[in-house]
Amino acid sequence: MANIYDDVVEVARRTMVLFFVVDTSGSMEGSKIGTLNQAVEDVIPEIREISENNADAEIKIAVLEFSSGARWITSMPVPADGFDWKYLDAGGLTDLGTACRMLAEKLSRNSFMSDVTGSFAPAVFLMSDGAPTDDYRAGLAELWNNNWFKKAIKVAVAIGENANTSVLAEFTGNEESVLSVHNPEMLRKMIRFVSVTSSQIGSQSSAVGSGNIDEVKSKQEEFVEQVHAAYDAGDFDDDDEFIEW
């Protein structure tokens, strides 16, 4: 007698892309880019674990850096279980507008969102310590015309006193999704929190194939709620308040 499980076919998982958009301008040189590199490298195993234990979604990672111009570190999104962080160097200007245009180009079913099994709305994580040196408004307008970006979880970390939080709020769509850090320990904490939390929320199955923007907006709202909860719990208490950039 044939086993009834012989013909069971494993259902392919959808994907959720986590985008790291990293400012590598000259002002990031030194401890800022060094801390960022180490913190992202340290959190990758946790993202792998989230992906491995998720029956609905595989998490993939894409990395875009910007300074004088912008460039993709990953030619395509890389599955978390095969991703290794490549340390970034700092130098040059802060061409955020160029980065926005390049991100908009890839947020398409003809490019980074082309997975045959279908994709969740992505999570986009921007880190910057300054202000744009190019025409960021034109690039950002192009990005906000992109439906994938509209539906994405969007968060920015403002590094140091000179980060333009108003511009970062324009990127994320609200001030509550801009998180400020002023020393290496806080940057490490924020990178871990944002990477893990956005991966967990973004890969939930509630919005699979729905195309319902309200459902996806609720993921952004859930992320903000998690931010408030973390602050209330003291998770972001400044352990290193006298060591600032």
Side-chain angles (χ1 to χ4, degrees), residues 12-26 28-29 33-34 36-52 54 57-128 132 134 136 138-140 142-157 171 191 194-196 198-199 202-203:
R13 295 187 295 167
R14 292 174 181 254
T15 63
M16 194 284 290
V17 182
L18 171 61
F19 288 88
F20 289 99
V21 183
V22 184
D23 177 354
T24 55
S25 61
M28 286 288 292
E29 191 173 13
I33 196 66
L36 186 154
N37 278 319
Q38 186 64 61
V40 177
E41 183 179 55
D42 289 347
V43 81
I44 295 301
E46 293 189 66
I47 297 173
R48 288 194 193 109
E49 185 175 356
I50 294 169
S51 181
E52 289 169 0
N54 191 324
E58 176 185 28
I59 297 172
K60 295 185 178 181
I61 298 169
V63 184
L64 175 65
E65 70 163 334
F66 63 98
S67 54
S68 296
R71 71 184 184 103
W72 286 101
I73 305 302
T74 50
S75 59
M76 287 293 291
V78 179
D81 62 7
F83 178 85
D84 293 310
W85 180 258
K86 293 179 173 59
Y87 273 43
L88 303 175
D89 297 319
L93 302 177
T94 312
D95 289 345
L96 177 60
T98 301
C100 289
R101 285 191 293 272
M102 291 180 65
L103 179 57
E105 290 172 0
K106 296 300 185 182
L107 287 173
S108 165
R109 292 195 185 277
N110 296 321
S111 190
F112 279 14
M113 314 308 292
S114 63
D115 199 290
V116 294
T117 61
S119 298
F120 288 85
V124 181
F125 180 10
L126 170 65
M127 291 174 272
S128 179
D134 64 351
Y136 81 92
L140 189 56
E142 183 176 337
L143 185 56
W144 270 101
N145 280 329
N146 182 292
N147 286 329
W148 284 106
F149 186 73
K150 290 177 183 177
K151 297 178 181 181
I153 295 173
K154 296 171 285 290
V155 58
V157 167
F171 183 91
I191 287 175
V194 172
S195 300
V196 170
S198 63
S199 295
S203 60

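Not measured: the values here are computed from a predicted model.
Applying the salt bridge (charged side-chain N to carboxylate O under 4.0 Å, His left out) test to pairs two or more places apart or on separate chains, none has a residue in residues 90-102.
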Audit row: Leu96, Asp23, side-chain contact (heavy atoms from CB on, under 4.5 Å) steps and yes/no: CA-CA 8 Å; Leu96 177 60; Asp23 177 354; over 6 Å; no
Derivation of the side-chain contact (heavy atoms from CB on, under 4.5 Å) call for Met16 and Asn54: CA-CA 11 Å; Met16 194 284 290; Asn54 191 324; over 6 Å; no
Audit row: Met113, Leu107, side-chain contact (heavy atoms from CB on, under 4.5 Å) steps and yes/no: CA-CA 6 Å; Met113 314 308 292; Leu107 287 173; 4.0 Å; yes
From CA spacing to verdict: side-chain contact (heavy atoms from CB on, under 4.5 Å), Ile50, Val196: CA-CA 8 Å; Ile50 294 169; Val196 170; 3.9 Å; yes
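Residues Ser198 and Leu18 meet the side-chain proximity criterion, which asks for heavy atoms closer than 4.5 Å. Side-chain contact check for Asp134 versus Thr98: some heavy-atom pair is nearer than 4.5 Å. Using a 4.5 Å cut-off on side-chain heavy atoms (C-beta onward), Lys60 and Asp115 make contact. Within the 4.5 Å cutoff, no side-chain heavy atoms of Ile59 are placed close to those of Thr15. Using a 4.5 Å heavy-atom cutoff, the side chains of Val124 and Val155 are not in contact. Using a 4.5 Å heavy-atom threshold, the side chains of Thr117 and Arg13 count as separate. By the 4.5 Å heavy-atom criterion applied to side chains, Ile33 and Leu88 are counted as neighbours. For the pair Ser195 and Ile47, the minimum side-chain heavy-atom distance is below 4.5 Å.
For the pair Lys154 and Phe171, the cation-pi criterion (under 6.0 Å, within 45° of the ring axis) is not fulfilled.
Contact between Ser119 and Arg14 at its shortest, heavy atoms only, is N-NH1, 4.3 Å. Asp81 and Arg48 get closest at one heavy-atom pair: CA-CD, 3.8 Å.
For Phe20 and Trp85, the distance between ring centers is under 6.0 angstrom.
Of the inter-residue distances, the one linking Ser203 atom OG with Glu58 atom CD reads 11.0 Å to the nearest 0.5 angstrom. Distance NZ/Lys106 to OG/Ser111: 4.0 Å, rounded to 0.5 Å. Summarising the geometry, atom CG belonging to Leu64 is positioned 9.0 Å from atom CZ belonging to Phe19; distances are rounded to the nearest 0.5 Å. Rounded to the nearest 0.5 angstrom, Ser199 OG and Ile61 CD1 are separated by 7.0 Å. Atom-to-atom distance recorded for Ser51:OG and Phe83:CZ is 13.0 Å, nearest 0.5 angstrom. Rounded to the nearest 0.5 Å, atoms CG (Asn147) and CZ (Arg109) are 10.5 Å apart.
Donor-acceptor pairing under 3.5 Å is recorded for the side chains of Asp42 and Gln38.
Listed by chain and number, the residues in a salt bridge (charged side-chain N to carboxylate O under 4.0 Å, His left out) with Glu46 are Arg192 (sequence neighbours excluded).
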Only distances under 3.5 Å count here; give the side-chain donor-acceptor pairs of residues 65-76 to other protein atoms, sequence neighbours excluded, each with its distance to 0.1 Å.
residue, atom, partner, partner atom, Å
Glu65, OE1, Thr24, OG1, 2.8
Glu65, OE2, Arg71, NE, 2.5
Glu65, OE2, Arg71, NH2, 3.0
Ser67, OG, Gly91, O, 3.4
Ser68, OG, Leu93, N, 3.0
Thr74, OG1, Val63, N, 2.9

